[in-house]
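Shown next, in structure tokens, is the structure this report addresses.
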Amino acid sequence: MASLIYTAITSLDGYVNDEDGNFDWAAPDPDVHSFVNDLERSVGTYLYGRRLYETMVYWETVSLVDQAPEVRDYTNLWRAADKIVFSTTLGTVSSDRTRIERAFDPEAVGQLKEVQERDISVGGANLAGQAIKAGLVDECHLIINPVVVGGGTRALPDGAHCVLELLDERTFDNGVVHVHYRFV
């Protein structure tokens with residue numbers, strides 16, 4: 001059985017982007033990027049909302065020539081995984097191993113967890129929020145950046161009440177902190 005894992009790069013005040021939708025402050029340095037790559041190695045399927053998918057599809061076409069090792073590594077990890085995009089508006093996908101689902105169905109995601117051998121990652125704060133509220137998320141990795149953006153898209157959903165168990169933590173030289181929780 002697969003675990004459903006939510007990983008988010010956030011500001012210290014808990015946002016994945018600012019009020020204008022910018023997240024340039026979240027670009028990981030090589031050390032953090034390599035760490036995130038290691039977190040992603042167990043993932044066989046990514047579940048995305050439309051906006052995050054449209055951002056992540058970059059990895060489908062990025063050239064591997066003259067790229068840093070951590071960028072090449074992540075590109076290969078992303079391309080090797082299956083992707084499911086939940087969107088009512090996206091007409092087609094522009095990446096291999098990708099399909100569209102028109103609505104988030106908690107029962108179908110629960111069944112996917114039961115049959116998958118590799119972990120499943122849920123991405124996009126809105127989609128992850130739905131999965132958290134449905135009780136489907138098993139683990140959460142927050143990569144917290146030392147920046148306060150004052151508003152934007154919250155990494156964790158309003159209205160959810162969850163008890164979490166801290167499994168791991170790590171600090172980086174650039175001030176980034178990683179916390180890894182299990183939903184209890």
Side-chain angles (χ1 to χ4, degrees), residues 2-12 15-102 104 109 112 116-128 131 139-147 149 152-153 155 170-180:
S3 291
L4 184 60
I5 302 169
Y6 175 43
T7 301
I9 298 176
T10 76
S11 63
L12 181 61
Y15 296 97
V16 296
N17 56 35
D18 66 21
E19 290 175 329
D20 296 322
N22 297 320
F23 54 91
D24 53 345
W25 48 265
D29 71 9
D31 192 29
V32 173
H33 204 307
S34 294
F35 179 80
V36 171
N37 291 354
D38 288 341
L39 293 178
E40 300 293 301
R41 288 193 201 291
S42 69
V43 173
T45 304
Y46 289 101
L47 308 180
Y48 289 131
R50 179 194 50 82
R51 283 183 297 233
L52 183 57
Y53 171 72
E54 289 175 338
T55 299
M56 297 302 290
V57 78
Y58 162 84
W59 297 103
E60 185 73 14
T61 59
V62 65
S63 170
L64 297 180
V65 176
D66 297 327
Q67 293 290 347
E70 67 276 3
V71 172
R72 287 192 310 271
D73 185 28
Y74 185 78
T75 301
N76 290 326
L77 290 168
W78 193 85
R79 289 177 182 174
D82 294 326
K83 278 86 64 186
I84 303 171
V85 183
F86 295 87
S87 174
T88 58
T89 59
L90 190 64
T92 60
V93 295
S94 52
S95 56
D96 291 336
R97 303 179 65 130
T98 306
R99 74 175 197 261
I100 298 173
E101 292 291 334
R102 293 298 173 201
F104 178 75
V109 173
L112 184 65
Q116 292 291 314
E117 293 180 16
R118 298 188 67 207
D119 290 333
I120 304 165
S121 174
V122 59
N126 184 356
L127 183 64
E139 296 181 22
C140 178
H141 292 276
L142 298 177
I143 313 297
I144 304 166
N145 283 263
V147 60
V149 299
T153 303
R170 177 173 174 187
T171 58
F172 295 86
D173 291 340
N174 64 357
V176 169
V177 176
H178 163 258
V179 289
H180 177 197

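- Using modelled atom types, no side-chain atom of Glu70 and backbone atom of Asp31 make a donor-acceptor pair closer than 3.5 Å.
- Under the 4.5 Å side-chain criterion, counting only non-hydrogen atoms from C-beta, Gln67 is in contact with Val62.
- Salt bridge Asp82/Arg118: absent, no basic N to carboxylate O contact under 4.0 Å.
- Of the possible donor and acceptor atoms, one in the side chain of Arg79 sits under 3.5 Å from a partner among the backbone N and O of Glu60.
- Looking only at atom types and distance, the side chain of Thr55 has no donor-acceptor partner in the side chain of Tyr48 under 3.5 Å away.
- Using a distance-only test at 3.5 Å, with no hydrogens or angles considered, a donor-acceptor pair links the side chain of Asp18 to the main chain of Asp20.
- By the neighbour-count criterion of 12 heavy atoms within 6.0 Å, atom CG of Asp38 is densely surrounded, having more than that number from other residues, nucleotides or ligands.
- In this structure, Val16 and Leu52 have side chains that are not in contact, with every pair of non-hydrogen atoms separated by 4.5 Å or more.
- Taking both residues in full, the closest heavy atoms of Ala131 and Val122 are given as CB-CG2, 4.4 Å, listed atom of the first, atom of the second, then distance.
- Rounding to the nearest 0.5 angstrom, the gap separating the CZ atom in Phe35 from the CG atom in Asp29 is 12.0 Å.
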Task: Pair Asn22-Val149, side-chain contact (heavy atoms from CB on, under 4.5 Å): steps then yes or no - done: CA-CA 10 Å; Asn22 297 320; Val149 299; over 6 Å; no
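- Counting heavy atoms from C-beta outward, Phe23 and Thr153 have side chains that stay 4.5 Å or more apart.
- Here the side chain of Ser3 pairs no donor or acceptor atom with the backbone of Ile5 at under 3.5 angstrom.
- When every heavy atom of Val57 is checked against every heavy atom of Trp78, the shortest pair comes out as CA-CH2, 3.8 Å.
- Taking OG of Ser63 as the start and CZ of Arg72 as the end, the distance is 10.5 Å to the nearest 0.5 Å.
- Inter-residue side-chain proximity for Trp59 and Val71 is flagged as met; some heavy-atom pair is nearer than 4.5 Å.
- Expressed to the nearest 0.5 Å, how far CG of Leu90 lies from CD of Glu54 amounts to 6.0 Å.
- When all heavy atoms of Arg50 and Val85 are compared, the pair lying nearest together is CA-CG1, 4.1 Å.
- Ring-plane geometry between His178 and His180 is classed as tilted, the angle between the planes lying from 30 to 60 degrees on a 0 to 90 degree scale.
- Between the side chain of Arg102 and the main chain of Ser87, a donor-acceptor pair closer than 3.5 Å is present.
- Atom CG of Leu4 and atom CD of Glu139 lie 10.0 Å apart (nearest 0.5 Å).
- Summarising the geometry of Trp25 relative to Asn145, their closest heavy-atom pair is O-OD1, 3.6 Å, with the distance given to 0.1 Å.
- Under the 4.5 Å side-chain criterion, counting only non-hydrogen atoms from C-beta, Leu77 is not in contact with Val43.
- Side-chain contact between Glu40 and Thr7 is present, with heavy atoms from C-beta onward closer than 4.5 Å.
- Judged purely by atom type and a 3.5 angstrom limit, Tyr6 uses its side chain to pair as donor or acceptor with the backbone of Ala155.
- Note that CG of Leu39 is 11.0 Å distant from CG of Asp119, once rounded to the nearest 0.5 Å.
- When every heavy atom of Ile120 is checked against every heavy atom of Leu112, the shortest pair comes out as CD1-CG, 3.7 Å.
- Residues Thr98 and Tyr53 have side chains in contact (heavy-atom distance under 4.5 Å, counting atoms from C-beta outward).
- The local environment of CG in Asp24 is crowded, with over 12 non-hydrogen atoms from other residues, nucleotides or ligands closer than 6.0 Å.
- Under the side-chain contact (heavy atoms from CB on, under 4.5 Å) test applied with Val176, the options Val32, Ile144, Ile9 reduce to a single match, Val32.
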